[in-house]
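Just so you know, these numbers use all the heavy atoms, side chains as well, and skip hydrogens, waters and symmetry mates.
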Amino acid sequence: MQKGKKAAWFGLAVLLVVAGIAGIRAADRQELGVRADASVVSGEPWRASFTAELSEDAVESGALKVTDKDGNPADGTMRLSGGLLEVEGLKPGRYLLHVSGAAFGKRAQGGGETVSFTVREGIAPVSSLEELEEHFRLIAEHQKREIEQERGEVSIETSATSEDSAAGPDGGAGHSVTNNQVSGIDEGDIVKTDGDFLYATTEGALVKIYDIRNEGKPELIATVKGEDSFQPLELYLSGNLLAVVGHQYQATGGVIGGPAEIVPADSSAVGVRLYNVENPANPTLAREYGNEGWHVSSRLNGNILYLVSSMTPIYRIMEQEGDVRPYQYDSARLDTVGPMDTDSITILPGPAGDSYTLITAIDLGGGADASIKTEGFVGSGGGVYMSQENLYLASAEHHANLFAHEETTGRPPESYTKLFKYALDGTKVTFTATGEVRGTPLNQFSMDEYDGHFRIAVTDGNMWDERRPSESAVYVLDSELKETGSVTGLAKGERIYSARFMGERAYVVTFRETDPLFAIDLADPAAPAVLGELKIPGFSNYLHPIGDRYLIGFGQETVTVKGEGPEPQILTAGMKISLFDVSDRASPKEVDVEVIGGRGTYSELQYDHKALFEHQEGGLYGFPVDLYEGTAESEEVRFSGSGAMIYEITPENGIRLQGKFISEDGVDQGYPDYEQRILRIVYAGDTVYTVSPDEVAAYSMDGFRPLGTSSD
């Protein structure tokens with residue numbers, strides 16, 4: 001491997017992708033821009049959007065025209081609407097869009113520009129390294145023009161299943177499982193247990209393994225030491241195999257031919273280390289695999305572990321003999337350290353993708369001999385949702401006028417989400433469809449698959465922009481990611497704070513001053529509709545179903561106080577738990593409320609659903625918490641303790657505190673002691689365990705009496 005060349009590439013990481021920018025640089029001059037698809041599949045329209053309105057006769061006058069690569073007029077139909085151009089009917093091949101200053105009327109200054117794009121026969125891996133390099137070379141040229149545009153050097157710029165979701169964790173195993181979005185699809189977390197042993201990854205140790213078979217007496221039996229170059233992120237447990245997923249950074253004195261070889265200075269690889277834990281007291285490293293790039297997300301379906309990562313090459317300096325392909329490492333095949341094969345790389349249709357999404361499938365059933373396959377897709381990325389059969393990626397994009405100044409274009413920014421769908425068949429991952437919706441989702445719970453349809457909840461616009469205030473929507477798409485129906489215009493001036501899909505229903509929480517909970521009927525994919533709405537103080541960051549008739553909302557209580565200007569000021573006033581009765585779809589009700597602590601009180605659960613403890617049979621729900629005391633009348637907020645709390649939450653009894661594990665360590669210093677903070681709560685049999693970086697503590701399920709700790 002050419003380490004010097006590779007290091008030179010990453011030493012220039014500062015030259016990575018810049019956002020496309022086009023705007024006004026002088027009062028008497030308007031700089032105009034265009035953002036276009038780099039490629040499109042034959043039969044689909046090719047699109048370009050502009051930073052300003054074009055002249056009505058831009059097409060007829062020839063100010064906008066499309067030719068083939070040799071300059072001959074293209075046989076296609078051009079349709080112009082405001083700042084959006086669509087061209088249909090083009091045969092496979094390379095084309096050029098020619099844009100002259102006259103396309104924008106008298107407002108534009110300077111000469112013309114061209115935008116190159118490709119119409120592909122279908123979606124298939126690239127035919128050669130040269131084709132891949134050409135793709136990135138064009139992007140580099142486009143971005144160079146964007147930088148010149150920003151400096152005012154040019155005046156026209158060119159650039160290229162929900163039923164499971166409602167089920168909650170799989171029960172009946174007699175021990176905790178991770179709070180997963182989709183039943184049967186496991187998600188990585190910092191703590192895993194099989195009921196006999198507990199595995200935790202914390203700072204300072206790659207993995208700590210505890211024996212919890214002796215009720216109430218957890219015992220630390222093994223520590224797998226980490227190193228500074230590897231940052232563990234999450235764990236998976238499959239049979240006798242423990243998978244540790246993390247970031248591999250530049251190592252000093254690393255193993256020659258090992259993962260350090262694919263991690264040049266100032267960069268990272270996404271690594272997975274597979275440990276044989278047949279004897280948990282003596283874990284052994286069975287295999288190690290890595291891709292250059294950064295971790296996005298992961299899922300485990302049966303024995304197949306899917307890793308999603310992102311990588312952006314330093315393609316600006318390809319002339320310095322670098323390689324635009326991601327590098328890989330596999331301890332089982334030391335001779336394969338180097339760039340991935342081109343026949344595993346596909347350029348997806350759409351805007352000029354400047355980064356890879358790498359999807360790695362690992363068959364953990366094979367142990368040290370696990371089958372591992374990685375596919376690279378140029379142009380996709382973002383949030384992840386996975387069902388039993390499909391993987392969806394949602395990438396936030398922006399139309400060109402986002403990069404223009406509103407006061408001169410007269411049009412506010414627009415955002416949209418590009419969707420990519422992949423079919424999963426064991427370790428085989430196949431791209432199947434792409435689509436688009438206006439707005440952006442909040443997180444993975446904003447997405448869902450049900451009965452062959454994909455649903456997504458998004459917010460578009462700006463909460464504080466009166467010219468284009470934010471509003472939210474839920475879109476329903478078919479198996480080809482084509483829209484079948486939508487509910488739009490939800491809660492203008494607010495944004496989505498949480499969402500949950502439950503079969504034929506969806507629940508969306510928006511917020512600005514109050515918390516509207518919308519109940520949406522999705523039974524007819526062509527005609528979704530809002531059934532009911534509930535407005536209450538505060539908001540829920542996370543919604544958790546209890547069957548199909550109740551929801552728990554975890555979030556913040558809020559109070560409204562007088563602000564310095566005309567707008568009131570909204571302040572948080574403690575962590576809030578709400579129990580919602582949604583059995584009457586047209587009239588959701590908040591039937592019980594619990595407010596914990598004062599202003600500043602916070603739980604990781606509000607932003608990471610995997611921090612939720614659930615014991616379905618007992619109706620118990622718990623979470624880590626940092627308690628603060630503060631009121632709306634005073635700006636002072638005082639730390640008062642850290643730990644965890646467990647509540648019984650049932651339709652019959654409402655919300656009742658059952659266990660409180662709060663330590664006042666750190667009160668004098670005004671913030672929690674990290675080593676003592678409770679990170680997770682799990683159970684096995686009749687025992688509940690709290691997990692901190694330094695120890696595991698055991699409590700009885702009945703009354704939560706302390707039983708012992710791993711440090712005893």
Side-chain angles (χ1 to χ4, degrees), residues 175-178 186-213 218-249 251 254-255 257-260 262-263 269-291 295 298-307 309 328-334 360-372 374 427 610 679-680 682 684 689 691 693 696 710:
H175 61 80
S176 285
V177 295
T178 300
D186 194 15
E187 299 181 37
D189 198 14
I190 58 175
V191 174
K192 293 287 184 178
T193 184
D194 59 5
D196 293 326
F197 299 92
L198 186 150
Y199 304 82
T201 180
T202 61
E203 227 174 86
L206 191 68
V207 182
K208 289 183 177 181
I209 304 176
Y210 298 86
D211 187 339
I212 57 174
R213 291 175 296 180
E219 179 186 359
L220 177 63
I221 59 173
T223 298
V224 180
K225 293 184 178 180
E227 64 270 3
D228 292 340
S229 61
F230 186 83
Q231 177 192 1
L233 299 174
E234 54 192 20
L235 307 175
Y236 285 94
L237 192 58
S238 179
N240 292 324
L241 209 60
L242 176 71
V244 184
V245 179
H247 278 142
Q248 177 77 47
Y249 296 97
V255 179
I262 67 167
V263 189
V270 179
V272 56
R273 299 182 178 184
L274 304 180
Y275 289 88
N276 185 326
V277 289
E278 185 174 6
N279 177 6
N282 184 31
T284 58
L285 181 63
R287 187 147 171 206
E288 190 170 0
Y289 179 87
N291 292 314
H295 181 62
S298 61
R299 299 289 191 275
L300 178 65
N301 187 355
N303 287 327
I304 309 299
L305 175 61
Y306 297 95
L307 302 177
S309 58
Q328 299 177 307
Y329 163 74
D330 187 346
S331 64
R333 304 170 61 195
L334 292 178
T360 299
I362 305 174
D363 186 354
L364 299 182
D369 299 321
S371 171
I372 302 178
T374 296
T427 58
K610 290 175 281 190
L679 304 177
R680 291 292 186 269
V682 301
Y689 300 90
V691 183
V696 172
S710 59

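Looking only at distances, a side-chain donor or acceptor of Asp194 sits under 3.5 Å from a matching main-chain atom of Phe197. Not a single donor-acceptor pair under 3.5 Å links the side chain of Lys192 to the backbone N or O of Ser238. Proximity of a side-chain donor or acceptor of Ser331 to a complementary backbone N or O of Glu288 within less than 3.5 Å is detected. Tyr236 places a side-chain N or O within donor-acceptor distance of the main-chain N or O of Gly188, the cut-off being under 3.5 Å. In this structure, the side chain of Ser710 engages the main chain of Val696 through a donor-acceptor pair within 3.5 Å. Panel note: side chain Ser298, backbone Tyr306; no donor-acceptor pair is recorded below 3.5 Å. Remark: the backbone N or O of Asp196 is not paired with any side-chain donor or acceptor of His175 at under 3.5 angstrom.
Closest approach of Ala243 and Leu305 over heavy atoms only: CB-CD2, 4.2 Å. Val270 and His247 make their closest contact through CG2-CD2, 4.1 Å (heavy atoms, listed as atom of the first residue, atom of the second, distance). Scanning all heavy atoms of the two residues, the minimum distance from Ala222 to Ala281 falls at CB-O, 3.7 Å. The two residues Ile212 and Tyr689 make their nearest non-hydrogen contact at O-OH, 3.3 Å. Between Asn276 and Ala286, the shortest heavy-atom contact is N-CB, 4.5 Å.
For the atom pair NE2 of His295 and CD of Glu234, the computed distance is 3.5 Å after rounding to the nearest 0.5 Å. A distance of 10.0 Å separates CG of Asp330 from CG of Asn291, quoted to the nearest 0.5 Å. Atom CG of Leu242 is separated from atom CG of Leu237 by 6.0 Å, given to the nearest 0.5 angstrom. Put simply, OG1 on Thr178 and CG on Asp189 are 4.5 Å apart, with the number rounded to the nearest 0.5 Å. One distance of note links OG1 of Thr374 with CG of Leu307; it measures 8.0 Å at 0.5 Å rounding. Rounded to the nearest 0.5 angstrom, Leu235 CG and Leu206 CG are separated by 8.0 Å.
At least one side-chain heavy atom of Ile304 sits under 4.5 Å from a side-chain heavy atom of Thr427. Two residues are said to be in side-chain contact when any heavy atoms from C-beta on lie closer than 4.5 Å; Asn303 and Leu241 fail this criterion. You'll find the side chain of Val691 stays beyond 4.5 Å of the side chain of Tyr210, heavy atoms only. Side-chain contact between Phe230 and Arg273 is present, with heavy atoms from C-beta onward closer than 4.5 Å. Counting heavy atoms from C-beta outward, Ser309 and Thr360 have side chains that stay 4.5 Å or more apart. Using a 4.5 Å heavy-atom cutoff, the side chains of Ile209 and Pro283 are in contact. No side-chain heavy atom of Val272 sits less than 4.5 Å from a side-chain heavy atom of Ile372. Contact check for Leu679 versus Val191: no side-chain heavy atoms found under the 4.5 Å cut-off.
Within 6.0 Å of atom CD in Glu227, more than 12 heavy atoms from other residues, nucleotides or ligands are found, so the atom counts as buried in its surroundings.
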